[in-house]
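Chain letters run A, B, ... following the sequence lines, proteins first and then strands; every chain starts at 1. Remember, it's a predicted structure, so these values are computed and weren't measured experimentally.
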Amino acid sequence: MLLRFSRPSLLYSRTFCTGNPSSDSKLFVAGLSWAVDERSLKDAFSFFGDVTEVRIMYDKNSGRSRGFGFVSFSRTDEARSAKDAMDGKAFMGRPLKISFALEKSRDAPVVVPRLSTSGDSNS
DNA sequence: CTTGAGCGG
């Protein structure tokens, strides 16, 4: 009686952006210099803990770094420590901007709310 | 040979 707005079949993706960083172990590192690579970031962030994922986004056209990347830690404490330690600090001449990454993944094709999934489902 | 806020595949 209370849930009048409950849809029978809402097709959401497994990972959707709720607006808050659900990945407390994933860090969004921006403000990187264009000379910084993944190995340098991994080496720099491996000091704070065990880095499980280091991904620097490169340009698809020129092939150079976009200036931001992602660093994932094996523990949330390490990620929080690294963020608290390296965020706002300068890395390779440029001030680093670190924040908790959003759950962006290739398996997340944006939320697709099927409001009409009742019976009629033709491709 | 370039640029500088940001959230990727």
**Message:** Quick check: do A/Phe100 and A/Lys83 have side-chain heavy atoms less than 4.5 Å from each other?
**Reply:** yes
A/Phe68 ring center within less than 6.0 Å of A/Phe28 ring center: yes
note: A/Arg55, atom CZ; B/dC7, atom P; distance rounded to Å ~ 19 Å
Here the distance between atom P of B/dC7 and atom CG of A/Asp59, to the nearest Å, is 16 Å
Report, one pair per line, the protein and nucleotides 2-5 of chain B atoms (nitrogen or oxygen only) whose separation is under 3.5 Å.
| unit_1 | atom_1 | unit_2 | atom_2 | d |
| --- | --- | --- | --- | --- |
| B/dT2 | OP2 | A/Arg64 | NH1 | 3.2 |
| B/dG4 | N1 | A/Leu32 | O | 2.6 |
| B/dG4 | N2 | A/Leu32 | O | 2.9 |
| B/dG4 | N2 | A/Gly67 | O | 3.1 |

d(A/Phe70 CZ, A/Glu38 CD) to nearest 0.5 Å is 11.5 Å
By salt bridge (Lys or Arg N to Asp or Glu O under 4.0 Å), A/Asp50 pairs with (sequence neighbours left out) none
Hits for side-chain hydrogen bond (donor to acceptor under 3.5 Å, both in side chains) against A/Arg94, two or more places apart or cross-chain, chain-then-number order -> none
note: A/Lys60, atom NZ; B/dG9, atom C1'; distance rounded to Å ~ 10 Å
